[in-house]
Amino acid sequence: MFKRIDPFMLVILSIVTFGIYALIWYINTKDQLNAYGAKIPTAFFIFIPGLNIYWIWKFCEGLEFVTGKRVEGIMAFLMLAFLSVIGMAIIQDNLNKLSGTPAQPRQAPPQTYSAPPTSGAQPPTYNAPPPPPGASPGPPTIPPPPKSFK
């Protein structure tokens, strides 16, 4: 449903980039929310004083609409207003939970072995040379051990 982002990395990247990553998060999350039926206006409003508060309110309403009130709009607005990046991380954590498993660092997929599929095929046969003429078709015989002399 939503792109999974590690909330801790959201906070760290927002601080390291002096808020640029936070703006990118807002825009990407707005696009995802609008894809699921929210009516959030253009993100250009973030840069206009006064309209940015209206935009964040509409963002939180869209968040409430898309999540089916699992994330309340007023609580999201208060978290974003008073906790800033920490509020964004809490909201992202809730979005991760709604998407399934929480965000995890990317790892290489485990290497597993799977046997080739068998679709009713016969097991492989090995072509042994035919027995020489006159030989018995049974298993080879082992000669008895030598008799010891006393």
Side-chain angles (χ1 to χ4, degrees), residues 1-132 135-142:
M1 184 172 177
F2 291 99
K3 181 180 176 186
R4 292 185 203 122
I5 299 172
D6 184 16
F8 179 73
M9 290 305 295
L10 174 66
V11 172
I12 296 299
L13 289 173
S14 295
I15 293 170
V16 169
T17 62
F18 300 105
I20 294 172
Y21 187 78
L23 292 173
I24 292 170
W25 178 83
Y26 272 123
I27 294 167
N28 288 339
T29 306
K30 175 202 73 92
D31 291 340
Q32 292 174 17
L33 292 172
N34 281 344
Y36 286 101
K39 305 228 183 307
I40 304 169
T42 179
F44 183 70
F45 288 174
I46 295 173
F47 302 104
I48 301 173
L51 282 180
N52 57 359
I53 296 171
Y54 167 76
W55 187 88
I56 290 175
W57 178 256
K58 295 304 275 183
F59 177 86
C60 294
E61 282 182 347
L63 189 64
E64 181 178 28
F65 172 77
V66 171
T67 61
K69 296 192 177 189
R70 290 185 194 125
V71 177
E72 293 184 26
I74 188 70
M75 289 304 296
F77 182 79
L78 292 173
M79 282 190 292
L80 292 175
F82 293 108
L83 299 178
S84 185
V85 180
I86 304 298
M88 291 168 49
I90 293 169
I91 290 171
Q92 183 61 50
D93 186 49
N94 286 325
L95 292 176
N96 288 344
K97 289 176 185 173
L98 291 175
S99 295
T101 59
Q104 296 177 5
R106 293 187 182 193
Q107 298 175 355
Q111 299 295 326
T112 59
Y113 172 76
S114 60
T118 57
S119 58
Q122 296 290 332
T125 58
Y126 301 100
N127 296 330
S136 67
T141 58
I142 299 174

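Just so you know, residue 1 is the first one in the sequence shown, and it goes up from there.
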Less than 4.5 Å apart, side chain to side chain, heavy atoms only: is that true for L95 and L63?
yes
Less than 4.5 Å apart, side chain to side chain, heavy atoms only: is that true for N96 and P7?
yes
List the atom pairs, with distances to 0.1 Å, where a side-chain N or O of residues 77-90 and a protein N or O form a donor-acceptor pair under 3.5 Å, not counting sequence neighbours.
none

Interatomic distance, M9 atom CE to Q92 atom CD [nearest 0.5 angstrom]:
13.0 Å
Interatomic distance, F59 atom CZ to I27 atom CD1 [nearest 0.5 angstrom]:
10.5 Å
Might you point out which heavy atoms bring A38 and G62 nearest each other, and give the distance in Å?
CB-CA, 3.7 Å
Are a donor atom and an acceptor atom from the side chains of Q32 and N28 found within less than 3.5 Å of each other?
no
Considering only heavy atoms from C-beta outward, does the side chain of I53 approach that of F45 to under 4.5 Å?
no
Please report the shortest heavy-atom distance between K58 and K39, naming the atom on each side.
CE-O, 4.2 Å
Sub-6.0 Å ring centroid separation between Y21 and W25
no
Quick check, are the ring centers of Y26 and W55 under 6.0 angstrom apart?
yes
Worked check of side chain to side chain contact (heavy atoms under 4.5 Å, CB included) between R70 and L98:
CA-CA 9 Å; R70 290 185 194 125; L98 291 175; 3.3 Å; yes
Taking all non-hydrogen atoms of both residues into account, name the closest pair between P41 and Y54 and its distance.
CG-CE2, 4.2 Å
Least distance between heavy atoms, C60 atom then G73 atom:
CB-O, 3.4 Å
Rounded to the nearest 0.5 Å, what separates atom CG in N34 from atom CD1 in I40?
5.0 Å
Point-to-point distance, once rounded to the nearest 0.5 Å, from CD1 of I46 to CD1 of I56:
7.0 Å
